[in-house]
Amino acid sequence: MSEPAHEPLNEPLSDTTSAWEPVIGLEVHVELDTETKMFCGCAVSKGDPPNTHTCPVCLAHPGALPVVNERAVEYAARIALALGCTVRPRSIFHRKNYFYPDLPKAYQISQYDEPLAVAGSFDYWVAGELLTCRINRVHMEEDAAKLIHAGGDAGRIAGSEYSLVDFNRGGTPLIEIVGEPDIPSPEAAREFLHQLRNLVIGLGVSECNMEEGQIRWDANISVRPAGSGQLGTRTELKNMNSFRFLQQALEAELPRQIAVLEAGGLIEQETLHFDPETGATTPLRSKEEAHDYRYFPEPDLVPLTVAEAWVDELRRTLPELPAARVERFVAQYGLSRYDATVLAGAGDMARFYEDLVAQGIDPKLAANWVMGEYSAHLNAAGLSPGHGHVTAPRLAALLRLVADGAVSGTAAKQVFALMVEERGEALEIVARHDLAQVSDTGELKAAVAAVLAAHPAQVEQFRAGKEQLAGFFVGQVMKATQGKANPQLVSELVRAALAGREPGSDHV
Amino acid sequence: MIAGLDPLRLTAREARRLLIEGEIAASELTKSYLDQIASVEGKVHAFIQVTADNAAKYATEIDQEAGATRGALAGLPTAIKDNMVTEGVTTTCGSKILGSYQPPYTATAVRRIWGDHIVMLGKANMDEFAMGSSTENSAFGPTHNPWDLATVPGGSSGGSAAAVAAGEALWALGSDTGGSIRQPAALCGIVGMKPTYGAVSRYGLVAFASSLDQIGPLTRSVYDCALLLRRIAGPDPFDSTSVSLPGEIELPTAERLDGVRFGIPTEYVAAGIEPGVLARFEQTVALIEELGATCVEISLPHTEYALPAYYIIAPAEASANLARFDGVRYGYRSAHADDLVSMYEATRGEGFGAEVKRRIMIGTYALSSGYYEAYYGQAQKVRTLVRRDFDTAFAQVDLIVSPTSPTVAFGLGTRTADPLAMYQSDICTIPVNLAGLPAISIPCGLAGHLPVGFQLMGPAFSENRLLSAAHALEGAIGFRSVPTFCDSRDAAIAPGGLCHQAAQEAQER
């Protein structure tokens, strides 16, 4: 690429940033987990030796013809219905023509002006606030094969010695969800994608595995004066294969466009390649090289028709969608909307949470633990909710000890860590590691006395009016008791000791 | 040669009877065709590849097979147009770009008749990617018309038609996109039929124009045509555009045409038909009336737009269909390239012939942004109008008739420099492809020393009606001439004279 990279701006955004607002749209591709490919009987596979799932159709041998995979239509329609789209009774496949070695027919069978589904919307939350993005369309197509460029620079074709093609992926059913430019910020774009992925996973039509590229996306972004109803010239961003990169790329592109506009320049409509290492975007191809895909109706396929009754049945059998589940969690468990989006957004997390609550755990206590220790553990261990040693019943056993006051909150975190480490049960770990909460006043009084004796200078300061030191003494006592002490009781004892009186005498 | 077995005259019906009744062995029958190939193929060049060893071996195996387990077409020697893929047998499509292509699978139509135990004699010559009306566009050299070796056999199924006419095959499969079965059948004096679009699976037919292509039979009689069609027709799960026929293809028996209403489209007869062809056509129309049918003039008003619409739609589809020949996975790859784009360009530049390149360029242009509506979009509208013309006509008549080709076989090389003149060859055959309708061409006599074809067109799925009428008419016409393998270029004094004389002698025999 000879064109210069758009370097990320080093200077912080000027105050005038607030005079501009970004307009972001996402186009999301999802590979469907059907057993066979979109237009032939080859298995959809993962990790098998290259070119072991191919046939005359997906290798584009002369004379081979496509046949539509009915299950793929069903899966695509499920996604469309979950996005509130209208599934059209008749849709048409088109040929999208371009030459590339990963596209054996040199055209992709896709949908164009008569797609499977149109006019939906997707509700998602950003920091507890509900946003809506209109969905333009959901259409069906086939995935390309996988290219491996050998001996070159960063796996790109330019400069590589030779390229290998693995056609196992070629022809995998793919849907494209085209969102309208309704997304107001890079953060919102990230949330949109994250929550859309959860929706699709919840429908059971794709695992949306990011490493395997089962879900991929492009973003388009433009800026406009805040409050303006007009759309500016947009750029399209590619190669953002994580949610974080999406946000980073948008956050890099946003000030670049603002700087160009503020300098009196014009945004060029172009496609930009995001480089995660530099954080910069590079023009991928200029307008002169812009593809003319020469779309025309695929003559090898008859129009795709779906019966209204079939669509109704699919709609009726959709699982509970994240949006509805969030509202239910707010109403049913008294959670904040923010907590509800975290817990109800993904099906497996929601299931785990509800399993916990079903064990009789207080919904708020359960929410705090699932979003706190449990989520941290999942991230660290690379597990998804419900997997690993700490099942909902095991965590419930621990939380019952917390609720009963048998284990302090601090100690419970230790117990949890030990459950993970030793693959044990909460009760047995509390006993073995002596982590039961100490509420014995005599034992704690002695500990308080010892702490005060060890810190005479601080006692002096406290008595001179520096009352915030109370927390320090409580902390020291908790430390001395390895977190087992009942913190509320310790606090009372500390204040009483400093005041030189018995605890509890000034209240109850 | 077996006594009484003349490959120039033998029908599949008769050959089948001889085989079933044990009067001849399949190996003997096949040998008589291989002998004929050995004797005339040097002049005709109907085949790109003759699979003689396989054919002889397979015929012997059929002889060892018990009669009860033999397929319906067991032992019948057949030529297959080289755009139908055949596993284990090179399939070139008449192109250098597939010059050594070994298909990993077999076309449904071929698989069906292989299942019936036909004997494949070889792969028939054709215009490259079925683009042409003379078989001169083959990368493997032209086929010569056995009626006059100085003329073309028509195309693109010219190899299939010439093989049957020359007695090099009992019958053949061809494909018809704009007349590619009917026009060569007409120019070679045999029967050729394009079925209703969807009647025969296209799976394994190397695509030229997907919405127009149909496989069909080229045979020596209408009965044979029905016999072969009934084995290849029918829905195929591998071709979404294939359909069930309303009933099985029947073997025709009709000898009369009582009560059948024929329409003669004025637009076709006006379309620059050669006087000799027109005379034969009018004689045949008179015969139709003698057989008890009525003939009325009808109008298909959009006929003049069919040819230009076809030359947008077919190249547009071809430009996409032929894009897969990129040198990456199979077929020819140029050695003169050092990166991806130059590999594409050199491979396609060296691998495709001039006519194919012309059509890829026309099609690419017609689909390109800014021109799509003006060309492809407009052509599709014309296509709808052409279809409506036929709908209207078939509300008044049962069948429509016309000359198949405006001329008899023309001289080799006489139209190669003028593509538009070549395209005119298909003026009478293209409209039914646009409308998806069935049509059949039968020989209706000679003009000079060369055969003339008579075309019958019917509504969608009227195959049985068409075959029945063609059978009755064929009987009344009584075309008995056979080709003479003469060469009018030898007749320096009176061009065509020797051929004419030879033809007359043959007819009198």
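Given the structure is predicted, the values throughout are model-derived calculations rather than measurements. Any value given below was found using the heavy atoms of this structure, including those in side chains, with hydrogens, waters and symmetry copies removed.
- Between chain A and the residues B/G204, B/S211, B/S201, the largest count of heavy-atom pairs under 4.5 Å involves B/G204.
- Put simply, of B/N321, B/T91, B/D339, B/L98, the one with the most heavy-atom pairs under 4.5 Å next to chain A is B/N321.
- Remark: A/E313 CD is packed, more than 12 non-hydrogen atoms of other residues, nucleotides or ligands lying under 6.0 Å away.
- For B/R329, the CZ atom counts as densely surrounded, since its 6.0 Å shell holds more than 12 non-hydrogen atoms of other residues, nucleotides or ligands.
- The NE2 atom of A/H61 lies 8.5 Å from the OH atom of B/Y105; values are rounded to the nearest 0.5 Å.
- For chain B, the option among A/P299, A/A106, A/P297 with the highest count of heavy-atom pairs below 4.5 Å is A/P299.
- Comparing A/A64, A/G63, A/C40 by heavy-atom pairs within less than 4.5 Å of chain B, the highest count is held by A/G63.
- Contact annotation for A/F167: only side-chain heavy atoms (C-beta onward) come within less than 4.5 Å of a heavy atom of chain B.
- A donor-acceptor pair under 3.5 Å links the side-chain atoms of B/S240 to the main chain of A/P66, judged by distance alone.
- For B/F461, the CZ atom counts as densely surrounded, since its 6.0 Å shell holds more than 12 non-hydrogen atoms of other residues, nucleotides or ligands.
- Within a 6.0 Å radius of CD in A/E70, no more than 12 heavy atoms belonging to other residues, nucleotides or ligands are found.
- Most heavy-atom pairs under 4.5 Å with chain A: of the set B/A107, B/S319, B/A209, B/A320, this distinction falls to B/A320.
- With a 4.5 Å cut-off on non-hydrogen atoms, B/P103 does not touch chain A at all.
- Ranking A/L103, A/D300, A/V302 against chain B, the residue ahead of the rest is A/D300, based on heavy-atom pairs under 4.5 Å.
- Note that CG of A/L65 and OG1 of B/T241 are 6.5 Å apart. Values are rounded to the nearest 0.5 Å.
- Interface residue B/Y101: only side-chain heavy atoms are found under 4.5 Å from chain A.
- Side-chain contact check for A/Y293 versus B/S369: every heavy-atom pair is 4.5 Å or farther apart.
- Residue B/Y197 touches chain A through its side chain alone, counting heavy-atom pairs closer than 4.5 Å.
- For B/V85 against A/P62, the heavy-atom pair with the smallest separation is CG1-O, 3.7 Å.
- In B/Q102, the CD atom is crowded: over 12 heavy atoms of neighbouring residues, nucleotides or ligands sit closer than 6.0 Å.
- Within a 6.0 Å sphere centred on CZ of A/R234, other residues, nucleotides and ligands contribute 12 heavy atoms or fewer.
- Looking only at side-chain heavy atoms (C-beta outward), B/S210 and A/R95 come within less than 4.5 Å of each other.
- Using a 3.5 Å distance cut-off with no hydrogens or angles, the side chains of A/Y107 and B/R324 do pair a donor with an acceptor.
- Counting heavy atoms from C-beta on, the side chains of B/R348 and A/F99 come closer than 4.5 Å.
- In plain terms, the two heavy atoms of A/P56 and B/Y203 that are nearest each other are CB-OH, 4.3 Å.
- The local environment of OH in B/Y311 is crowded, with over 12 non-hydrogen atoms from other residues, nucleotides or ligands closer than 6.0 Å.
- Between A/P104 and B/D326, the closest heavy-atom pair is O-OD2, 4.4 Å.
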Evaluate the ring-ring contact (aromatic ring centres under 6.0 Å, His included) criterion for residues B/Y372 and A/F296: first the C-alpha distance (whole Å), next the side-chain angles of each, then the deciding distance (0.1 Å), finally the verdict.
CA-CA 9 Å; B/Y372 180 92; A/F296 74 102; 7.9 Å; no
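- Between A/Y100 and B/L340 there is a side-chain heavy-atom pair separated by less than 4.5 Å.
- Other residues, nucleotides and ligands place more than 12 heavy atoms under 6.0 Å from the OH atom of B/Y332.
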